[in-house]
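A quick write-up on the structure given underneath.
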Amino acid sequence: MNTTIPLGRIAGVRIGLHWSVVGILVLVTVGLAVHQLPLVFPGRSTAAYVMSGIAASSLLVCSLLGHELAHAAVARRNGVAVEGITLWLLGGIAQLRGEAGNAAAELRIAVVGPLVSALLAGVFGAAAWGARSAGADELLVAVVSYLALLNALLAVFNLVPAAPLDGGRVLRALLWRWSGDRFKAAVWSARAGLGLGYLLIIAGFAQLIGQHAEGLWWSLLGLFIAGMAAAEEQRAHLGAALVDVRIREVMSHPVDTVEGALTVEQFLEKSPFERPHAGYPVVNETGQVEGLATVRRIQAVPQPARHRTTVRQTATPLKGTATAAPGESMASILPRLSTATDGRVLVFDEGHLVGILAPSDISRAVADQGSRISPAEGASRPPRAWWYPGQNQHP
C-alpha cells in the first residue's frame with residue numbers, strides 16, 4: 001500500500017494518499033451531489049449540491065487522517081517510530097519502524113483508531129444536533145449528519161476481527177497474549193482477513209448476478225482486503241525465515257561510492273563494466289555520505305542538462321534513505337524497504353558506511369533461508385526473538 005500522492009509532513013510524519021482515495025472522493029461527492037441531496041432536499045442550485053458533496057468528502061478524508069494520526073501518536077508513546085501514513089480506500093496505513101514491545105502495546109496501538117473514529121462520529125453528531133437546533137441550513141445539517149454516520153460505520157467496520165483492519169490487529173494482540181506466540185497470532189489474523197475478503201467478493205458477485213450495481217463495490221473491497229491479508233501472511237513467513245540472519249551476513253561490501261560533485265555527463269562517460277551497480281552512495285569531498293543515487297535516475301536527466309547537473313542533485317538525501325546497522329536482523333529492515341531508494345539500504349557502523357543491501361542481496365537471503373523454515377514448522381515453533389514486520393502497519 002504505497003503512497004501515490006505525497007501531501008507533506010505532520011509533526012515529522014510523512015503523509016500521502018493511495019490512488020484508491022480518489023474512489024472515496026468521487027463516491028461521496030457524486031453520491032451526495034447527484035443523488036442523495038437533490039432527492040431529500042430538492043430545489044437547491046447545482047453549485048450548492050456540488051459544494052456540499054466536496055465538503056463532505058474532504059472532511060471524511062480529514063477524519064481518516066485523524067484516525068491514522070491516532071495510531072501514530074500511540075505508537076510513538078509506546079516507543080515505536082513512525083515512518084509515514086498512507087490514506088487508502090478504507091482508512092489508512094500507519095507505517096511503523098519497529099514493533100510493539102508486547103501484546104498490550106500492540107492492542108493499544110490497534111484499538112485507538114476505531115476509538116477516534118467513534119469520537120469523531122460523536123462530535124459530528126453533536127454538531128449536527130446543534131446546527132439543527134440553531135436553525136442552520138438543511139444542507140449543512142445533512143452534511144454534518146452524514147459525516148457522523150460515515151465515521152460511525154468506519155469505526156464499526158474497522159473492528160471486524162480480520163487483517164488488515166484494526167480489528168485484525170486487535171485479534172492478533174489478543175491471540176498473542178493468549179498463546180504467547182505472535183507468529184501464530186499474525187497468521188491467524190491474516191487468514192481471517194482472507195476469509196473476510198473472499199466473503200465480500202462472493203457477496204458482491206451474488207449482488208451483481210441479481211443486477212445490483214453495488215455488488216461491484218463489495219467485490220472490489222473484498223479484493224483489496226484479501227490481497228493485503230495474503231501479503232501479511234507472506235511477510236510473516238518471510239520474517240520468520242530471516243529473523244536469525246544478520247545484515248552483515250548478506251550486505252555487499254566494500255561499497256563503491258561516487259563523488260557528488262561529479263557531473264552526470266562525467267558519470268555516464270564510464271562504461272557499464274566500470275559502473276556495474278544500479279545504485280551508488282554519494283559522498284562529498286571529505287568522504288562523508290550525502291545520499292544515494294541510482295543509475296536509472298541519473299540516466300533520466302535530459303541530455304542538454306547533463307553537463308551542468310551533478311550526481312548530488314539526482315541523489316536521494318541521506319535523511320530520506322533507508323539505513324541499518326550490520327548487527328540488525330534482516331527481518332527488522334523489511335518495513336524500511338517500502339521507503340528505500342529502489343530497494344537499497346545503506347549499512348552504517350558507528351557512522352561509517354560499511355555495506356549496502358541491494359534487492360539482489362535480499363533475494364539471495366530469501367532464497368538461502370526461506371526453505372529452512374516451512375510455514376507449518378514456523379507456525380508451530382517460531383524463533384524466540386522473532387520479529388513480525390507485518391505488524392508494523394495499522395489501518
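Only this structure's heavy atoms are used, side chains among them; waters, hydrogens and symmetry mates stay out.
Looking at heavy atoms from C-beta onward, Leu119 lies out of side-chain contact with Leu115 at the 4.5 angstrom threshold. Inter-residue side-chain proximity for Asn158 and His67 is flagged as met; some heavy-atom pair is nearer than 4.5 Å. Between Phe348 and Leu318, some side-chain heavy-atom pair lies under the 4.5 Å cut-off. Between Leu353 and Pro281 there is a side-chain heavy-atom pair separated by less than 4.5 Å. A 4.5 Å side-chain heavy-atom check between Arg312 and Asn284 finds at least one atom pair inside the cut-off. Ile247 has its side chain within reach of Met330: a pair of non-hydrogen atoms, C-beta onward, lies under 4.5 Å apart. Counting only heavy atoms from C-beta outward, the side chains of Leu165 and Leu159 never approach each other to under 4.5 Å. Taking 4.5 Å as the limit, every side-chain heavy atom of Val80 sits out of range of all side-chain heavy atoms of Val82.
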For residues 257-267, tabulate all N or O donor-acceptor pairs below 3.5 Å that involve a side-chain atom, not counting sequence neighbours.
from: Thr263; atom 1: OG1; to: Gln266; atom 2: N; distance (Å): 3.1
from: Thr263; atom 1: OG1; to: Gln266; atom 2: OE1; distance (Å): 3.3
from: Gln266; atom 1: OE1; to: Thr263; atom 2: N; distance (Å): 3.0

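Closest approach of Gly215 to Leu208, counting heavy atoms only: C-CG, 3.9 Å. Here the closest heavy-atom approach between residue Ala229 and residue Leu194 is recorded as CB-N, 3.6 Å. Across all their heavy atoms, Ala118 and Ala155 have their closest contact at N-CB, 3.8 Å. In terms of heavy atoms, Ala152 sits closest to Ala121 at N-CB, 3.6 Å. Annotation for Val13 and Gly84: closest pair CG1-CA, 3.8 Å, computed over non-hydrogen atoms. Here the shortest heavy-atom pairing between Ile85 and Ala72 reads CD1-CB, 4.2 Å.
A donor-acceptor pair under 3.5 Å links the side-chain atoms of Thr314 to the main chain of Val311, judged by distance alone. Under the 3.5 Å distance criterion, the side-chain polar atoms of Ser189 are left unmatched by any main-chain donor or acceptor of Ala185. The backbone N or O of Val26 lies less than 3.5 Å from no partner atom in the side chain of Thr29, so there is not a single donor-acceptor pair. Under a 3.5 Å cut-off, the side chain of Arg344 and the backbone N or O of Ala358 do not form any donor-acceptor pair. Tyr49 places a side-chain N or O within donor-acceptor distance of the main-chain N or O of Phe41, the cut-off being under 3.5 Å. Looking at Arg177, its side chain never comes within 3.5 Å of a backbone N or O of Ala104 through a donor-acceptor pair.
Residue Leu216 holds its CG atom at 11.0 Å from CG of Leu221, rounded to the nearest 0.5 Å. Note that CG of Leu69 is 5.0 Å distant from CD1 of Ile10, once rounded to the nearest 0.5 Å. Atom CD of Gln288 is separated from atom NE2 of His352 by 10.0 Å, given to the nearest 0.5 angstrom. The CD1 atom of Ile201 lies 9.5 Å from the CG atom of Leu196; values are rounded to the nearest 0.5 Å. To the nearest 0.5 angstrom, Ile356 atom CD1 is 11.0 Å from Met251 atom CE. Considering CG of Leu17 and CG of Leu64, their distance stands at 10.0 Å, rounded to 0.5 Å.
A chain of hydrophobic side-chain contacts below 4.5 Å, direct or via other Ile, Leu, Val, Met, Phe, Trp or Tyr residues, connects Phe124 to Val40. One hydrophobic cluster, built from ILVMFWY side chains closer than 4.5 Å, holds both Val28 and Leu140. Under the 4.5 Å side-chain heavy-atom criterion for Ile, Leu, Val, Met, Phe, Trp and Tyr, Leu199 and Trp218 are members of distinct hydrophobic clusters. In the hydrophobic clustering of this structure, Leu60 does not group with Val123; members are Ile, Leu, Val, Met, Phe, Trp, Tyr whose side-chain heavy atoms approach within less than 4.5 Å, directly or through other members. If you chain together hydrophobic residues whose side chains sit under 4.5 Å apart, Leu7 and Val61 fall into the same group.
A salt bridge is absent between Glu269 and Arg306; no separation between the charged side-chain nitrogens and carboxylate oxygens falls under 4.0 Å. The residues Arg169 and Glu106 are annotated as not salt-bridged, no charged nitrogen and carboxylate oxygen being separated by less than 4.0 angstrom.
By the 6.0 Å contact criterion, CZ on Arg246 is enclosed, its count of non-hydrogen atoms from other residues, nucleotides or ligands being greater than 12.
Put simply, the residue from Thr323, Val283, Val282, Val255 that forms a side chain to side chain contact (heavy atoms under 4.5 Å, CB included) with Val289 is Val283.
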_Please determine whether side-chain contact (heavy atoms from CB on, under 4.5 Å) holds for the pair Val354 and His253, giving the CA-CA distance in whole Å, both sets of side-chain angles, and the decisive distance to 0.1 Å._
CA-CA 7 Å; Val354 295; His253 63 94; over 6 Å; no
_Walk me through whether Glu138 and Arg44 qualify under side-chain contact (heavy atoms from CB on, under 4.5 Å)._
CA-CA 11 Å; Glu138 290 180 327; Arg44 304 299 181 91; 3.7 Å; yes
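A side-chain N or O of Arg297 and one of Thr316 form a donor-acceptor pair less than 3.5 Å apart.
His277 pairs by the ring-ring contact (aromatic ring centres under 6.0 Å, His included) definition with Tyr280, not counting sequence neighbours.
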